[in-house]
Amino acid sequence: MSIESLLRERFSQAIGLAFGSQFANDPMVKPGDPKFADYQCNAALALSRQLGRSPRELAAEILRHLEIADMCELPTIAGPGFINVRLSTAWLSAQLGDLLADSAAKARGGVKWTTEQSTVVVDYAGPNIAKEMHVGHLRSSILGDVIARILAFVGHEVVRQNHVGDFGTQFGMLIRQAGDLKLDTGELPRISDLDSYYKQAAERDKNDPQFAAEARQAVVALQSGDPEALRLWRWIREESRRHCREIFALLNITLTQADERGESFYSHRLPEVVQLLSAALAFDGDGSRVEEARESEYVTKAFVTQSQGALCVFLPGYVDKDKKPLPLIIRKGDGAYLYATTDLAALYFRIIEDKTTPEETAPLDHNWHADRIIYTTDARQAQHFAMVFDTIRAAHWDINPVTRRPVVLQHAAFGSILGEDGKPFKTRSGETVKLRELLTEAVQRAETVVREKNPDLPVAARELVARAVGISAVKYADLRQDRTTDYQFSWDRMLALEGNTGPYLQYTFARIRSILRKAGTKLPPSVAINLSTPQERDLGRRILQFNDVIEAVLHDLKPHYLCTYMYELCGSFSSFYENCPVLQAATPEIRQSRLALSELAGMVLNIGWHDLLGLELLEEM
Ligand code: ARG
């Protein structure tokens, strides 16, 4: 259990004893202002509203029942009724000693396994194929990947899904364009430049009516499974996959080919899903209810109906700008299905379907029956996901068929990346920034930084370092931001050696490693941890708070908490290192204790940076 959870539990017991268990669930315990406390409990303030008594009085009552003497100093009441808690130094050093002695716990940085294991689908990256990945895919890819890594780290069964856009009418023109290659035998040539291939096809589609008509036919051919259309479509898809693999490898994204289930995978399921949905939600054949709903402004209960030829779901709570009920369209008048239909089918597949039959993409060895599904896409899709989630809730498709519990559906939305001018990030000529070019530039710029910092590094080593520094800087600059906000992309800021940046963290880590290398000897399993200086205490406490941070990240799906934590840990380490000689410590015991703290700090950074954020650490910079 994390320290925060442990304290929450103790406070909950005290509140239960003082006022009754109905008041005891989930008392507010959070990190305190470091000047006064390690943690603060605000429960008395919330209780005062419920109980109609002064918060300071309630706080005093809580303290009478609070049993934390084993781990904390005497708690104090501050301000209007906060309870401030400081961990005792003896408890901290005992905890650190235990961590060192338990090699399995140490290898996990003290992070506990979850006690409520569940199957979590993380739907991320999801680029649209036949186009190059651009900067808009950066956040979706890396946020989703970090969330997946952390869930897996604490012991959840994680199913990564790459919901690529690989189907739809635009493939007609792409296939038609490919048809001109007139290569009916053997390998098709490679698409060296996906974007210009797409642009050429779009250009012809616009200007050449004959081409456009044939492109429409190609869509029909593709949907009816025509072998030639399929062959050309597969070629386009293969070329796109090659491109995505390259980007994923550069970014160290853990998605594999087996995780790809794109729109095409669900395409043949759509008619059935629409039928099941119409059956599950009251189907209004003659459209009378929609007229009623349009008049009334309100939909009180979800239903499916035909509206102007299209099949629509109407849901309570969604209105357009004229305050009229806003439908979720699941089939257009011409019979075509939409993005939302595919997402409904994907949810059905992830939650309900028994996967006993081998499927085309990759055989599954077990049923998922997801307990939780997380999507990382940008905030502009918030309404799409809200409506899709509400639709399946209305149809009761969100009930896990095994546990009978509702599936947790979460859209981990994110803001935009802006240029330094505060406008959407574009190239000088106003085009979207291609991810590959962005990452190449990052490595080049990092090389300049590395050359300045360490001119003696041999060229081959410098190239490796530049790659690690450049890519990490871009990823870290993104991950350290609260995902819900926009941020400005700035090369100078992200590559700075000071501040909350990738290079600074990598540099601090390299320094820790160098100290440990110089010390030479391996630490014995049992070391008495001495926290007699404020810097040692601060570093030790931060190390033990790693588990708090992981819990918080998973609670809010916000990886930037982990970044802030690691930055602060590096700060604690730096002041420790400045004030507490390690290799030249006064006694062998203190030397050993300080080496142990350094090792644990390095361990936690290694897990956070490398295993969870998927970034590269360097022994030397
Ligand atoms: N291809 C979509 C896009 O580029 C993202 C897919 C996200 N996942 C999903 N299940 N809708 O916007």
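When a residue number appears, it is its place in the shown sequence, counting from 1. For ligands, and for the atoms within them, numbers begin at 1 and follow the listed sequence.
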Is the gap between the ring centers of Y266 and F349 under 6.0 Å?
yes
Report yes if the distance between the aromatic ring centroids of H411 and F389 is under 6.0 Å, otherwise no.
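Ring centroids of H411 and F389 are no less than 6.0 Å from each other.
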Check whether the side chains of D371 and N400 place a donor and an acceptor atom closer than 3.5 Å, and report yes or no.
yes
Does the side chain of Q444 come under 3.5 Å of the side chain of E441 through a donor N or O and an acceptor N or O?
no
Check each protein residue for a heavy atom under 4.0 Å from ligand 1 and list those that pass, ordered by chain and number.
D123, G126, N128, H163, Y339, D343, Y375, T377, Q381, F385
With V274, the side-chain contact (heavy atoms from CB on, under 4.5 Å) member among V304, V313, L311
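The residue from V304, V313, L311 that satisfies side-chain contact (heavy atoms from CB on, under 4.5 Å) with V274 turns out to be L311.
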Parallel, tilted or perpendicular, as decided by the 30° and 60° cut-offs, for the rings of H163 and Y339:
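Y339 and H163: perpendicular rings.
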